[in-house]
Protein chains: 2
Amino acid sequence: MGITKSEIFTDRQNKIATMLKALAHPARIAIIQHLSRAEHCICGDLVEELGLAQPTISQHLKELKNIGIIKGCADGKSISYCIDEKVWKQVKKEFDSLFAVKS
Amino acid sequence: MGITKSEIFTDRQNKIATMLKALAHPARIAIIQHLSRAEHCICGDLVEELGLAQPTISQHLKELKNIGIIKGCADGKSISYCIDEKVWKQVKKEFDSLFAVKS
DNA sequence: AACTAACATCGTAATATTGCGATAAGTATG
DNA sequence: CATACTTATCGCAATATTACGATGTTAGTT
């Protein structure tokens with residue numbers, strides 16, 4: 001099939017899986033790390049930083065935007081991306097509670 | 001293409017992405033949650049618990065085993081799965097350090 | 001308005017994932 | 001050893017993901 005049967009899982013299970021999935025790519029991890037360090041959010045520099053084509057970076061940014069973990073603000077003719085602290089903390093909390101079950 | 005260019009990323013970025021990917025499916029989240037609560041690890045019950053076919057569950061278990069986060073011990077004619085505390089804590093630590101960059 | 005720079009989106013090829021029926025493999029039990 | 005039971009693997013169909021060239025779009029510049 002290839003299609004995840006999300007109907008049979010709880011909303012929370014689906015939500016956690018979706019968030020994890022959005023982060024589950026080395027390019028997106030790299031983007032997150034970069035945005036974290038370069039306090040002043042970046043944009044097209046990511047194309048140079050990572051060795052991926054511009055449309056590819058744009059697509060990865062879109063996926064991170066979809067879960068709300070990053071946001072882009074217009075800045076001249078370029079767009080400045082940065083981590084949305086609020087969402088970032090929520091995601092962290094969600095993961096923590098998953099990991100808290102055991103240990 | 002469809003193939004991730006893992007050569008261009010650091011080992012750590014690839015590792016984190018791989019771990020996240022292994023957890024990034026509602027069925028696997030459900031399995032982890034179940035294994036966490038049922039201290040006495042379970043196995044084929046997962047087929048009934050979640051509404052997925054046995055081969056599908058088996059495949060998900062395999063993916064979780066691949067990253068070492070769960071392990072299976074023979075128990076009679078069935079196999080008893082449980083979370084590998086050691087690996088579980090390592091993964092938690094890895095995620096924590098990712099989330100620690102910001103916030 | 002035409003031009004340019006910076007992103008986004010479209011379309012598509014290559015590959016990966018999800019799910020399951022069929023079947024194999026392993027292990028008690030009679 | 002034959003049987004039953006439990007899990008793993010194979011093979012395939014359906015769908016999703018990754019990457020990028022080509023092309024749109026938007027916003028400053030001249």
**Item:** Between CG on residue Asp96(B) and CZ on residue Phe95(A), distance to nearest 0.5 Å
**Value:** 11.0 Å
**Residue whose nearest DNA chain D nucleotide is more 5′ - Ile42(B) or Gln59(A)** = Ile42(B)
**Asked** Hey, what do you get for CZ (Phe99(B)) to NZ (Lys92(B)), rounding to the nearest 0.5 Å?
**Response** 10.5 Å
Only distances under 3.5 Å count here; give the side-chain donor-acceptor pairs of residues 11-26 of chain B to other protein atoms, sequence neighbours excluded, each with its distance to 0.1 Å.
residue  : atom : partner  : partner atom : Å
Arg12(B) : NE   : Glu94(B) : OE2          : 2.8
Arg12(B) : NH2  : Ser97(B) : OG           : 2.6
Gln13(B) : OE1  : Thr10(B) : N            : 3.0
Gln13(B) : OE1  : Thr10(B) : OG1          : 3.3
Gln13(B) : NE2  : Gln33(A) : OE1          : 2.8
Asn14(B) : ND2  : Ser6(B)  : O            : 3.0
Asn14(B) : ND2  : Thr10(B) : O            : 3.2
Lys15(B) : NZ   : Glu94(B) : OE1          : 3.4
Thr18(B) : OG1  : Asn14(B) : O            : 2.8
His25(B) : ND1  : Ala27(B) : N            : 3.0
His25(B) : NE2  : Thr4(A)  : OG1          : 3.4

**Prompt:** For DNA chain D, whose closest nucleotide is more 5', that of Ile3(A) or that of Pro55(A)?
**Reply:** Ile3(A)
**Fill in**
What one should report as the nearest heavy-atom pair of Ile8(B) and Gly51(A) is CD1-N, 3.9 Å
**Rounded distance (nearest 0.5 Å) linking atom CG of Leu64(A) with atom CG of Asp84(A)** = 12.0 Å
**Complete:** Between Asp75(B) and Ser80(B) the two heavy atoms that sit nearest each other are CB-CB, 4.0 Å
**Fill in**
dist Lys62(A):NZ -> Ile67(A):CD1 (nearest 0.5 Å) comes out at 14.5 Å
**Prompt:** Do any of residues 5-22 of chain B sit with a heavy atom less than 4.0 Å from DNA chain D, and if so which?
**Reply:** Lys5(B)
Show me the protein contacts with nucleotides 24-30 of chain D, counting only N or O atoms at under 3.5 Å.
none

**Message:** Tell me the interatomic distance from Gln54(A), atom CD, to dG21(D), atom P, rounded to whole angstroms.
**Reply:** 11 Å
**Request:** Only counting residues at least two apart or in another chain, list the ones meeting side-chain hydrogen bond (donor to acceptor under 3.5 Å, both in side chains) with Lys65(B).
**Result:** Tyr81(B)
**Message:** Mind checking if Ile57(B) touches a base, just sugar-phosphate, or nothing, with heavy atoms under 4.0 Å?
**Reply:** nothing
**Message:** Regarding Thr4(A), tell me which of base, sugar-phosphate or nothing describes its non-hydrogen contacts under 4.0 Å with the strands shown.
**Reply:** sugar-phosphate
**Request:** Select base, sugar-phosphate, or nothing to describe what Ser78(B) touches, counting heavy atoms under 4.0 Å on all strands.
**Result:** sugar-phosphate
**Asked** Can Leu52(A) and Leu46(A) be said to form a side chain to side chain contact (heavy atoms under 4.5 Å, CB included), step by step?
**Response** CA-CA 8 Å; Leu52(A) 293 168; Leu46(A) 288 166; over 6 Å; no
**Asked** Which whole-number value in Å describes the distance from Leu46(B) CG to dA8(D) C1'?
**Response** 15 Å
**Message:** Please say yes or no: joined through hydrophobic side-chain contacts below 4.5 Å, possibly via intermediate residues, are Ile70(B) and Ile42(B) part of one cluster?
**Reply:** no
**Request:** Mind listing the residues from residues 60-74 of chain B sitting with a heavy atom below 4.0 Å of DNA chain D? Number order is fine.
**Result:** Lys62(B), Lys65(B)
**Request:** Measure the NZ-CD distance between Lys86(B) and Gln90(B) for me, rounded to the nearest 0.5 Å.
**Result:** 8.0 Å
**Message:** Distance under 4.0 Å to a non-hydrogen atom of chain A counts as contact; along DNA chain C, which nucleotides mark the start and end?
**Reply:** dA5(C) to dC20(C)
**Request:** Report yes if some heavy atom in the side chain of Ile32(A) is under 4.5 Å from a heavy atom in the side chain of Ile69(A); otherwise report no.
**Result:** yes
**Message:** Reading DNA chain C from 5' onward, which residue's closest nucleotide shows up sooner: Ile79(A) or Gly51(B)?
**Reply:** Ile79(A)
**Prompt:** Counting only heavy atoms not in Glu48(B), do more than 12 sit closer than 6.0 Å to its CD atom?
**Reply:** no
